[in-house]
Protein chains: 2
Amino acid sequence: MKITYKSDYALKTILDLAAHFGNGPVAINDLSQRLDIPTKFLEQILLDLKRAGFVESRRGKVGGYSLGRHPGKITLGEVTRFIAGPVEPIACVDKKYSGCQDIGKCVFRDVWEEVNRSASRIIDNVTFEDLLKKSKKMNKAFTYQI
Amino acid sequence: MKITYKSDYALKTILDLAAHFGNGPVAINDLSQRLDIPTKFLEQILLDLKRAGFVESRRGKVGGYSLGRHPGKITLGEVTRFIAGPVEPIACVDKKYSGCQDIGKCVFRDVWEEVNRSASRIIDNVTFEDLLKKSKKMNKAFTYQI
DNA sequence: ATAATCTCTATTATATTAGTAGAGTATACC
DNA sequence: GGTATACTCTACTAATATAATAGAGATTAT
Ligand code: FES
Ligand code: FES
């Protein structure tokens with residue numbers, strides 16, 4: 001799991017779409033401006049997310065993107081794994097990697113798998129609905145503070 | 001935490017040195033042959049590990065590297081964090097990153113921190129002595145199997 | 001002395017990530 | 001139908017990170 005710019009952009013995009021869920025499609029331009037993401041880069045990310053079924057799209061005028069499922073049915077884990085790869089270290093899952101020839105003999109593998117399970121337990125239990133609620137709460141608290 | 005080739009090499013090197021702990025220094029050439037790591041690359045890794053205090057070195061004839069501390073006093077967490085960076089996603093810890101301006105408002109941060117804590121709990125409780133014991137057990141089991 | 005072995009800095013090669021470009025396709029609306 | 005709008009797709013470039021290599025220099029046992 002490597003949260004690169006692409007991963008970060010993807011997660012924030014899904015969160016934004018979650019905030020607009022039910023209100024019709026959101027245009028790439030709106031997203032890219034609001035989230036400060038290069039438009040052309042976001043295009044590609046959205047196409048990836050679409051192929052994975054996280055978002056749906058509609059072309060032409062009044063076109064744009066919308067969430068493919070209810071925010072409560074999309075977990076952070078799903079999206080993260082799709083866009084940022086598995087939580088466990090790449091070496092263990094990379095087929096080309098030959099450092100641990102006899103994989104049953106690698107003492108590190110068990111530990112990484114435990115790390116993986118423990119991280120999965122967390123991120124698989126957070127939905128974008130949860131994150132959205134939290135975000136609204138945070139914004140409110142922030143506003144009142146001023 | 002990104003287990004690259006370098007990280008992988010480093011962890012295996014420490015484990016090998018743990019296996020030879022107390023028997024005097026091990027030469028880079030021995031390590032590089034046994035672990036199948038490019039010698040010159042391993043040189044650099046060992047220098048890094050030395051600067052961090054994980055290993056000690058001795059030059060000249062009968063020179064080589066040895067563990068700086070008892071294998072039971074070196075945790076997988078320490079070495080991993082040093083060589084592979086923090087467990088949490090880079091965005092959150094990268095100072096140059098400006099995607100989450102108002103860091104108190106980022107809804108993802110809490111989750112990544114929880115992932116981080118949970119992973120740390122695991123890898124900070126595994127020492128190289130533990131890994132070494134496990135490795136010996138595995139090799140024995142493997143031998144008997146044949 | 002000298003052979004063995006670590007030390008340090010620089011350089012190169014390869015892979016990944018980030019971003020850009022542009023032509024193409026669908027849709028609403030007049 | 002024409003046209004503006006917005007998604008689709010493939011290719012390309014730039015920047016950065018990773019992996020590896022090269023070579024001169026310093027230390028130590030014998
Ligand atoms: S480090 Fe993953 S199998 Fe050895
Ligand atoms: S993703 Fe780390 S602070 Fe927002």
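Order of the sequence lines fixes the chain letters, A, B, ..., with proteins taken first and strands second; residue numbering starts at 1 for each chain.
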Checklist entry - Any Lys/Arg nitrogen of A/Asp130 or A/Lys134 sitting under 4.0 Å from an Asp/Glu carboxylate oxygen of the other? => result no
Checklist entry - How long is the gap from CD1 on A/Ile123 to OG1 on A/Thr80, to the nearest 0.5 Å? => result 5.0 Å
Next on the checklist: If I take atom CD1 in residue A/Ile28 and atom C1' in nucleotide C/dG19, what distance separates them, rounded to the nearest angstrom?
Outcome noted: 15 Å
Next on the checklist: Just the rounded figure in Å: distance from C1' of D/dT21 to CG of B/Leu42.
Outcome noted: 14 Å
Review item, nucleotides 11-15 of chain D N/O atoms under 3.5 Å of protein N/O:
none

Identify all pairs in which a protein N or O lies below 3.5 Å from an N or O of nucleotides 13-15 of chain C, and state each distance.
none

Checklist entry - Which residues in residues 50-69 of chain B have at least one heavy atom lying under 4.0 Å from any atom of DNA chain C? => result B/Lys50, B/Arg51, B/Ser57, B/Arg58, B/Arg59, B/Gly60, B/Lys61, B/Gly63, B/Gly64, B/Tyr65
Checklist entry - Any donor-acceptor pair under 3.5 Å linking the side chain of B/Ser135 with the backbone of B/Leu131? => result no
Next on the checklist: Among D/dC9, D/dA22, D/dA20, which nucleotide has an atom closest to any side-chain atom of B/Phe41?
Outcome noted: D/dA20
Checklist outcome for this item: Whole-Å distance, A/Lys40 NZ to C/dG22 P, equals 9 Å
Checklist outcome for this item: Picking from C/dT7, C/dG19, C/dG22, the nucleotide nearest the side-chain atoms of A/Glu43 would be C/dG22
Checklist entry - Within this structure, what is the OH-to-C1' distance between B/Tyr9 and D/dA19, rounded to whole angstrom? => result 8 Å
Checklist outcome for this item: To the nearest angstrom, the OH-P distance between A/Tyr5 and C/dT20 comes to 13 Å
Item to check | Pairs satisfying side-chain hydrogen bond (donor to acceptor under 3.5 Å, both in side chains), at least one member in residues 65-78 of chain B, at least two apart | outcome: B/Arg69-B/Glu78, B/Thr75-B/Glu78
Item to check | salt bridge (charged side-chain N to carboxylate O under 4.0 Å, His left out) contacts touching residues 23-34 of chain A (sequence neighbours left out) | outcome: A/Asp16-A/Arg34
Checklist entry - With sequence neighbours left out, which residue pairs that include part of residues 46-56 of chain B fulfil the salt bridge (charged side-chain N to carboxylate O under 4.0 Å, His left out) condition? => result B/Lys6-B/Asp48, B/Asp48-B/Arg51
Checklist entry - Which whole-number value in Å describes the distance from B/Ile83 CD1 to D/dT18 P? => result 11 Å
Checklist entry - Below 4.0 angstrom, N of the basic side chain to O of the carboxylate: do A/Asp124 and A/Arg117 qualify? => result no
